[in-house]
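Starting from 1, each residue takes its place in the sequence as its number. Just so you know, ligand 1 is whichever comes first in the structure, and atom 1 is the first atom listed for that ligand.
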Amino acid sequence: MTKNTSKQSSANPMWGGHYATGPAEVMERINACIDVDQRLYRQDIRASIAHAEMLAAQGIITDTDARKIVKGLRQVEKEIADGRYVMREALEDVHMNVEARLTEIIGPAAGRLHTARSRNDQVAVDVRLWVRDAYDRMDAVLLDLQKALVEQAEKEASTVMPGFTHLQPAQPVTFGHHLLAYVEMFGRDRGRFADGRTRANQSPLGAAALAGTGFAIDRNHTARALGFDAPMANSLDAVSDRDYGMEFLAAASMTAVHLSRLAEEIIIWTSPFFGFVSLTEAFTTGSSIMPQKRNPDAAELIRGKAGSIIGALNGILVTLKGQPLTYNKDMQETKLPVMDAADQLYLMVAAMAGMVRDMQADRTRMAEACQRGYLTATDLADWLVRTTKMPFRQAHHVTGRAVRLAESRKCRLDELSLADLQAIESAITADLFKVLTPEASVNSRKSYGGTAPQQVRVQIKRWKKALA
Ligand code: ARG
């Protein structure tokens, strides 16, 4: 080896042709993304195999070389999986590590794999494949959460609890109905994930560095081999688009917001001041100092992690904002937030499903809570409208006076005497008392999508069929 070549060998073997020296140590560190790329080697190798087979089918490389490459790639995959090949930071990323190891195994034929492609289309392919799996995992775990909610809703279809607006007692509702509200939310979330998956499932491979290639490649071949719906139609878009990350995180953020709302409710319900539900030891933790504690940590962590997911969305949006076409190294920073958020969200949904199944409703406490807060005041007003044909506005006013009287007596509405009520409105009869119980209130709300147990059962039936 001449002095000159040995000096060149400290430059990057993949692109160091016109470099005389190697990078500064700190340059190597900031440039590398080995940690996150650890999780992309299967996708990277799968895409390389598809590429090599396409190159051979198109006569761009020989079948012999393609066979060597494919066999070698399978070996690299196994070595990485077994921990026998450890990626080197000096080789920056998964793409160059895989190729370097392939070169060690099969020799110069490895150099033909990079014909008609670039790391720019490679990374886009790899992360799309990863995100596609993440979409599928999200769908499965959200489906399980929906099932858990429907199971609880079925048990509690006719359990009466206070419904709230402004966190103030509003009207009685059924607990099953309340739980089904979340089944609807997570159903929309699954729809958003499914939608995002469709848009993500297009192949950038073959866009090469940015402009396409002069080689007679077949992009449909690789797209099909990798399970994509089609090759992306614009090479500049293919290498610079990160919508698959933004869109995944946007959908993930909405799911996280939904989860955090349910988490917050579980935190409120399990507070002894509410006592609407309890969690077993499986989903609570004790305190090292206060022996009486049963803290709903999983719910709090779900609420807290929602912040990180939204942060990841914000991060990727800001990272991409203003980047000129096409590929820029900034894009390397978009991989980790997507992968990390996918991991965290999966855990959040799984923990929520566990908690929902663990939850035990305290029907007595819920019924007791319905005795406070004049929850059936609207039913009184509705009775006046129905029975005396009074305009609702006037009925609202009459009811307000009845509530004020009950407040001053410190009693419930149904504890006022008929004479008291008639002093407020002479048209009131004893028949009114039938509508003042929480049970009568929920049973009456049979409008489509209403809280009546009968309606709740209709929706449970629909969901069970849809989720089966
Ligand atoms: N490691 C890079 C990334 O994750 C791959 C693409 C690099 N391309 C380049 N021309 N430097 O984005």
Residues Y85, N97; criterion side chain to side chain donor-acceptor pair (under 3.5 Å); working and verdict: CA-CA 9 Å; Y85 178 72; N97 268 280; 2.7 Å; yes
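- Across L40, V76, L113, a single residue satisfies side-chain contact (heavy atoms from CB on, under 4.5 Å) together with V98, and that is V76.
- For E77 and R74, the salt-bridge test fails: no basic side-chain N is under 4.0 Å from an acidic carboxylate O.
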Pair T62-R112, side chain to side chain donor-acceptor pair (under 3.5 Å): steps then yes or no: CA-CA 10 Å; T62 63; R112 300 192 187 279; over 6 Å; no
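- Among protein residues, C33, D93, H95, R119, N120, V123, Y327, K329, Q332, K335 come within 4.0 Å of ligand 1, judged on heavy atoms.
- W130 carries R137 over the face of its six-membered ring, with the cationic atom under 6.0 Å from the centre and within 45° of the normal.
- Here ring-ring contact (aromatic ring centres under 6.0 Å, His included) pairs that include residues 216-256, with residues two or more places apart or in two chains, are Y135-F248, F193-F248.
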